[in-house]
Structures are given as structure tokens and as C-alpha cells.
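I have placed the structure first, in the form of C-alpha cells, so that the comments after it can refer back to it.
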Amino acid sequence: MRYSNSASALLRRAGVAAVLSGTLLMAAPSLAHADSALVPDAADALAPSAADVSAAQIDGRSAIQAAAEITKHFSEVSPYVDSIGEMSVSIENIAAEQERQKAKEIELARVEAGVKAAQEERARIAEEERREAEAAAVRQQFVDTALAQVGTAYVSGGAAPGGFDCSGLVKYCVAQVYGYEMPRTATGQSGEGESISFADLRAGDLLFWGSGSGVYHVAIYIGDGQYVHAPRPGQSVKVQTLESYAPSFAKRLNL
């Protein structure tokens with residue numbers, strides 16, 4: 001529905017003012033009759049000008065009718081405006097909830113990743129401990145096999161329970177426990193395994209005397225600063241301390 005410029009001005013003065021003040025219906029009789037009993041000031045404030053009335057009449061409606069129509073349209077549109085506002089708030093709430101949900105999902109993924117990493121680390125440590133326990137058990141078996149030969153006479157070139165020399169004792173014990181054939185001489189055996197410091201000695205490590213091609217003796221470390229070996233002709237396999245006869249270097253077999 002369209003109105004002329006003059007009619008619009010009229011509507012603003014009469015219709016909109018009446019809607020905002022809540023007195024449109026009360027003012028209608030006074031606006032329709034110029035000789036009403038209203039207070040002059042109030043009548044002047046609400047009454048349209050002659051030009052406005054003429055413009056409205058040209059459009060086929062009185063000022064009161066035009067104002068009433070605006071009021072009616074405002075009443076009809078107002079609920080939709082409110083609905084649009086409520087819809088906007090609802091959309092904002094949905095967007096905010098989606099953001100919160102996304103943040104929760106990200107945090108949950110981070111926590112799950114942390115838990116998984118911790119589980120994998122525990123599994124890795126447990127596996128290392130298991131392997132170390134198995135290796136320690138084998139090393140102890142190696143030591144026990146050597147200790148079982150204590151008292152066996154020294155025999156030059158001997159590599160059996162009837163008699164041993166130093167490298168023969170080591171060769172025999174390695175074969176029994178690891179199933180590995182060590183070189184026959186102390187010099188050859190010194191080339192096996194990895195070098196370690198005396199501070200890092202473990203039961204089952206090998207101790208050597210001499211260096212390079214001049215290695216002349218080998219023994220098996222049994223822990224607590226002690227080792228078992230076949231010393232020399234005229235003696236038997238026995239246990240001795242590092243202080244009493246200190247070795248030159250140490251090696252660890254990784255069999």
C-alpha cells in the first residue's frame with residue numbers, strides 16, 4: 001500500500017504519535033470532529049494540518065483511517081519481527097554450541113592421544129624390562145655354568161669338564177649356554193662383543209689381560225667385584241677379585 005509524501009507526513013504526526021502514546025483510539029473522535037471538547041493544546045498536537053488532511057482525502061482515506069491502517073499493519077508485522085529476532089538468537093546459540101562441541105572433541109582427541117602415547121611408552125618400557133630380565137637370566141646361567149667348574153684342574157688347551165685353560169673354560173661355557181662357538185684363544189675371544197667400562201660391568205661379561213695381539217688371559221665376571229677363571233698350570237678353576245689381579249679391559253657378549 002502506497003501513500004503520498006503529504007500523507008506520509010500526516011501519518012507520522014497523527015498515526016505514529018498515536019501508536020506510541022497508546023491514545024490513537026481515544027483521539028479518533030476528536031480528530032474526526034474539529035469542534036471536540038479536547039484540551040486545545042492536545043488537539044493541536046494530534047490534529048493534522050489542512051494540507052495533510054487534503055492529501056489524505058485525495059488518497060481516499062481520512063487521517064484517522066490512514067493512522068489506523070499503519071497501527072494495524074504494525075500489529076500484524078510485530079510478531080514476525082519478534083520471531084526474526086528470536087530466530088537470530090537461536091542461530092547464534094546453535095553456532096555457540098557447535099563451537100563448544102568442536103572444542104570438546106579437540107580436547108577429547110588430545111586426551112586420547114596422550115593416553116595412547118602413555119600406554120605405548122609403558123608397553124615399550126615393559127618390553128625392555130622383559131628382555132633385560134631374560135638377558136639377565138641367561139647371563140646368570142652363564143655364570144652358574146662357569147662356577148660349576150670351580151675346582152677343575154688347569155689343563156693347557158683343555159676345553160672340557162676334565163680340565164680347562166682360561167680360554168677353554170670361556171669357550172665351553174659359551175657353547176653350553178649360548179650355543180655359540182667362540183674362538184679358541186684369549187686373543188681371538190677379545191675380538192668378540194662390545195667394549196665396556198669397568199664401571200658398567202655386569203655378571204657374564206668377559207675380562208681380558210694384555211692388549212691387541214698380546215692378550216694373554218681371559219676370565220668371566222660374576223658380579224660383586226669377582227670373576228671365575230682357570231689361572232695357570234698347577235692351579236684349578238677358582239674365583240678371584242678384581243683387586244687381587246686387575247684386568248686390562250672388558251667386553252660384553254651380545255648373543
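Counting begins at 1 with the first residue of the sequence.
With salt bridges taken as basic N to acidic carboxylate O contacts below 4.0 Å, none links E105 and K102. In this structure, R131 does not pair ionically with E128, as no charged nitrogen and carboxylate oxygen lie closer than 4.0 Å. At a threshold of 4.0 Å, the pair E127-R130 counts as salt-bridged, since one of the basic side-chain nitrogens sits closer than that to a carboxylate oxygen. Checked for salt-bridge contact, E132 and R139 meet the test: a charged N lies under 4.0 Å from a carboxylate O. Between E107 and R110, at least one side-chain N (NZ, or NE/NH1/NH2) sits under 4.0 Å from a carboxylate O, which counts as a salt bridge.
Residues E243 and G225 approach most closely at OE1-O, 4.3 Å, considering heavy atoms. Among all heavy-atom pairs drawn from P247 and L242, the shortest one is CD-CD2, 3.7 Å. Here the shortest heavy-atom pairing between C166 and A230 reads CB-O, 3.6 Å.
Side-chain contact between E112 and L108: present, with at least one pair of heavy atoms (C-beta onward) separated by less than 4.5 Å. At a threshold of 4.5 Å between non-hydrogen side-chain atoms, the residues L207 and L201 count as touching. Using a 4.5 Å heavy-atom threshold, the side chains of D200 and R252 count as touching. With contacts defined as side-chain heavy-atom distances shorter than 4.5 Å, the pair Y227/Q240 qualifies. Counting heavy atoms from C-beta outward, L169 and T152 have side chains that stay 4.5 Å or more apart. Using a 4.5 Å heavy-atom cutoff, the side chains of I220 and L206 are in contact. In this structure, the side chains of F208 and S248 stay at 4.5 Å or more apart for every pair of heavy atoms.
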Candidate pair E121 and I125, rule side chain to side chain contact (heavy atoms under 4.5 Å, CB included), full reasoning: CA-CA 6 Å; E121 179 63 13; I125 293 173; 3.6 Å; yes
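Using a 30° and 60° split on the angle between ring planes, W209 and H229 fall in the parallel class, below 30°.
To the nearest 0.5 Å, atom CZ of residue F164 and atom OG of residue S236 are 12.0 Å apart. Taking CG of L253 as the reference point, atom CG of D205 lies at 8.0 Å (rounded to 0.5 Å). Taking OG1 of T145 as the start and OH of Y172 as the end, the distance is 7.5 Å to the nearest 0.5 Å. The OG atom of S211 sits 9.5 Å away from atom OH of Y216, with the distance rounded to the nearest 0.5 Å.
Hydrophobic clustering, with ILVMFWY side chains joined whenever heavy atoms are under 4.5 angstrom apart, groups V177 together with L255. Clustering ILVMFWY residues whenever any of their side-chain heavy atoms sit less than 4.5 angstrom apart, transitively, puts F249 in a cluster other than the one holding Y245. Under the 4.5 Å side-chain heavy-atom criterion for grouping Ile, Leu, Val, Met, Phe, Trp and Tyr, V150 is connected to V218 within one hydrophobic cluster. Note on V174 and Y221: separate hydrophobic clusters, where clusters join Ile, Leu, Val, Met, Phe, Trp and Tyr whose side-chain heavy atoms are under 4.5 Å apart, directly or indirectly.
Around the CG atom of N254, the shell of radius 6.0 Å holds more than 12 heavy atoms that belong to other residues, nucleotides or ligands.
For the residue pair D144 / Q140, a side-chain donor-acceptor distance below 3.5 Å is found, with atom types taken as modelled.
Under the 3.5 Å distance criterion, the side-chain polar atoms of R184 are left unmatched by any main-chain donor or acceptor of K171.
None of I222, V143, V170 except one satisfies the side-chain contact (heavy atoms from CB on, under 4.5 Å) rule with V228; the exception is I222.
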Show me the side-chain donor-acceptor pairs of residues 186-193 shorter than 3.5 Å, one per line, residues at least two apart or across chains.
unit_1 : atom_1 : unit_2 : atom_2 : d
T187   : OG1    : V215   : O      : 2.9
Q189   : NE2    : S167   : O      : 3.0
Q189   : NE2    : P183   : O      : 3.0
S190   : OG     : T187   : O      : 2.5
E192   : OE1    : Y180   : OH     : 2.9

